[in-house]
Every structure is written in C-alpha cells, then in structure tokens.
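Heavy-atom basis, side chains included; hydrogens, waters and symmetry copies ignored. Just so you know, residue 1 is the first one in the sequence shown, and it goes up from there.
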Amino acid sequence: AAFLSYAGCFNRRFRAALIGDSFLPFLQGPKRDLQMSEAADPLSILTDEAQVASWSNENLPADRVSIENGAIVTNCARWPLMID
C-alpha cells in the first residue's frame, strides 16, 4: 500500500532509495514479526509476467519505472499522482 500511495511521483533513483532505505528496513525491523523473502519486490506482488507482456504489446516501454507506473495505475482505486 505504501508503494502505491507514495512512489508514483518519484523518479527511478528515488523510488529505489525509498524501497531499499525506508520501506524494507521498516518492514524487516526488529520489532516486526513479518515473514518475507530476502528479495521482496513490490512488482512481484502487484503484477505478473503475463500482465507486463500485455503492457509491452500495448507499447508501454519495458523499463522498470514504466512497469512500476503500470502497476500503480492498475492497482489504485482512484487517480494516482504519476510523473513520468
């Protein structure tokens, strides 16, 4: 939910820092009892390869930011703030 709510308006570098330096350390903190894989990635939860392939067929660029934007747009209940 945090990725969907907050990551849309940032560029690739800041998104990576937000996930790697804020979201994951918070979730993996000592006071949390969350089971998660070492390679936790929002895209693996929000999309699958078939959906990404469908977006590629519709001419969405295949870079990570474009795929993240597609995941945010398709999983939001309202209108996400996107800067591309």
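Interatomic distance, Ile67 CD1 to Leu60 CG, rounded to the nearest 0.5 Å: 7.0 Å. Atom CD1 of Ile72 sits about 11.0 Å away from atom OG1 of Thr47, to the nearest 0.5 Å. Distance check, rounded to the nearest 0.5 Å: CD1 of Ile19 to CZ of Phe10 gives 11.5 Å.
Looking only at side-chain heavy atoms (C-beta outward), Leu46 and Glu68 stay at 4.5 Å or farther from each other. Looking at Val65 and Asn11, their side chains never come closer than 4.5 Å, going by heavy atoms from C-beta outward.
By the salt bridge (Lys or Arg N to Asp or Glu O under 4.0 Å) test, Arg12 pairs with no residue at all, sequence neighbours left out.
Ser66 contributes no side-chain N or O that, together with a main-chain N or O of Ala62, makes up a donor-acceptor pair within less than 3.5 Å.
Side-chain contact annotation: Ser54 with Asn57, donor-acceptor N/O pair under 3.5 Å absent.
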